[in-house]
Colleague: 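This is the structure I have questions about; it appears just below.
What you see is a predicted model; the values in this text were computed from it and never measured.
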Protein chains: 2
Amino acid sequence: MEYEHTCMIRGDGGRALRAILDQICNKWTLLVVATLDQGILRFTDLHHQIPGISQRMLTLTLRNLERDGLITRTVHAEVPPRVEYALTPTGESLIPPALALAGWAIANAPGIEASREAYAEYRQNG
Amino acid sequence: MEYEHTCMIRGDGGRALRAILDQICNKWTLLVVATLDQGILRFTDLHHQIPGISQRMLTLTLRNLERDGLITRTVHAEVPPRVEYALTPTGESLIPPALALAGWAIANAPGIEASREAYAEYRQNG
DNA sequence: CCGTATCCGAAATGATACTG
DNA sequence: CAGTATCATTTCGGATACGG
């Protein structure tokens, strides 16, 4: 039992954590951050590398990350325009904990899926 | 740069991770899991210890966690009824990565807040 | 005590069209 | 190329009332 440590989560009723989680755990943020871990990328690069994301959601996600200081946005005065995105040190520091969670998710995905099927079965037949 | 590792996140377009994240990163799940880390608790215990949660959302959150095999739900045939919730080993194994993320969130909250204020300032004045 | 049922408003996301 | 604007849809969560 590691109850002493979970005060980090429960501390202020979870407000500090959830303020960040709200930002991190939307549909695209972690995917954008992970993609930018390969280095400087342009808008179109990201759009191509992240399957399914719309221009609108990519723009919104990038703007929020920039606002929070996790990425930089550099506009080059050229024609055609070139805009480059890169992780800041803060943004890079998010990668290890994100990987920890991703590792857990992937390791437990089969078990969770099995549990869901068993649960659905149980709800149907009793 | 740790790009080689982020394939865990980007692997399948992030689907494996997001399937879990959808479940984990709603408003209450992590808070319920962290609270249950102290041991077996009843519905009312949880309701009292988690400020602001409604009966409805507590029920929904607990049902989803039970469905995914992260908690057990034990009904005792008594009057008045007694229902006990506890983490499964899978549920407990979520605590360390959750703490890693919480640690990051709390460590970086001041910097992010500062960045947000600077960004708002910038948007107002130019 | 431990929920379920219903309704409603807010927020997130997607589709589509248009622009400097 | 790198967005913005607008609209429709979906999903989430809160409030309230009721039930075994």
Colleague: Which is true for A:Thr44 with a 4.0 Å heavy-atom rule: it touches a base, it touches only sugar-phosphate, or it touches nothing?
Modeller: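 Sugar-phosphate only.
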
Colleague: Distances for protein N/O vs nucleotides 7-11 of chain D N/O pairs under 3.5 angstrom?
Modeller:
none

Colleague: Looking only at atom types and distance, does a side-chain atom of A:Thr6 sit under 3.5 Å from a main-chain N or O of A:Ile9, one as donor and one as acceptor?
Modeller: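 Judged by distance alone, no pair lies under 3.5 Å.
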
Colleague: Check the distance between D:dC12's P and B:Ile53's CD1 and give it to me in whole angstrom.
Modeller: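 Computing the B:Ile53:CD1 to D:dC12:P distance gives 15 Å.
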
Colleague: I'd like to know if B:Glu121 and B:Arg123 make a salt bridge, using a cut-off of under 4.0 Å between side-chain N and carboxylate O.
Modeller: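 Result for this pair is no, no salt bridge flagged.
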
Colleague: Starting from the C-alpha separation in whole Å, work towards a yes-or-no answer on side chain to side chain donor-acceptor pair (under 3.5 Å) for B:Thr61 and B:Asn64.
Modeller: CA-CA 5 Å; B:Thr61 304; B:Asn64 284 334; over 6 Å; no

Colleague: Output the rounded distance in Å from CG (A:Leu60) to P (D:dT6).
Modeller: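 Taking atom P of D:dT6 as the reference, CG of A:Leu60 is at 14 Å.
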
Colleague: By a strict heavy-atom criterion of less than 4.0 Å, which residues belonging to residues 61-88 of chain B are in contact with DNA chain D?
Modeller: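 Those residues are B:Pro81.
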
Colleague: Which whole-number value in Å describes the distance from B:Gln55 CD to D:dA15 C1'?
Modeller: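 Answer to the nearest Å: 12 Å.
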
Colleague: Mind calculating the distance between CG (A:Asp45) and C1' (D:dG3) to the nearest angstrom?
Modeller: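 Value for this atom pair: 15 Å.
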
Colleague: Going hydrophobic residue to hydrophobic residue with side-chain gaps under 4.5 angstrom, can you get from A:Ile71 over to A:Leu60?
Modeller: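 Both belong to a single hydrophobic cluster.
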
Colleague: What is the distance, to the nearest angstrom, from the NZ atom on B:Lys27 to the C1' atom on C:dA12?
Modeller: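 My rounded result for the distance is 14 Å.
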
Colleague: Say whether A:Glu84 and A:His76, considering side chains only, have a donor N or O and an acceptor N or O under 3.5 Å apart.
Modeller: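 Yes, because at least one side-chain N or O of A:Glu84 sits under 3.5 Å from a partner of the opposite role on A:His76.
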
Colleague: Scan for salt bridge (charged side-chain N to carboxylate O under 4.0 Å, His left out) pairs involving residues 59-77 of chain A, sequence neighbours excluded, and state none if there are none.
Modeller: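 Of all non-adjacent pairs touching residues 59-77 of chain A, those that pass salt bridge (charged side-chain N to carboxylate O under 4.0 Å, His left out) are A:Asp68-B:Arg116.
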
Colleague: Send over the distance from B:Leu46 CG to C:dC2 C1', rounded to a whole Å.
Modeller: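 Answer to the nearest Å: 12 Å.
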
Colleague: Please give, in whole Å, the distance from D:dA5 C1' to A:Leu58 CG?
Modeller: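 Checked: the CG to C1' distance equals 17 Å.
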
Colleague: Does A:Thr88 reach the main-chain N or O of A:Gly69 with its side chain, forming a donor-acceptor pair under 3.5 Å?
Modeller: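 Yes, because the side chain of A:Thr88 sits within donor-acceptor range (under 3.5 Å) of the backbone of A:Gly69.
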
Colleague: What closest approach, in Å, do B:Ile53 and B:His47 show between heavy atoms, and which atom pair accounts for it?
Modeller: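 Nearest pair, atom of B:Ile53 first, then B:His47: O-NE2, 3.2 Å.
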
Colleague: Among the clusters formed by ILVMFWY side chains lying less than 4.5 Å apart, do B:Tyr122 and A:Val83 turn up in the same one?
Modeller: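 No: no chain of side-chain contacts under 4.5 Å links B:Tyr122 to A:Val83.
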
Colleague: Calculate the interatomic distance between B:Phe43 atom CZ and C:dC1 atom P; express it in whole Å.
Modeller: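 It works out to 11 Å between those atoms.
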
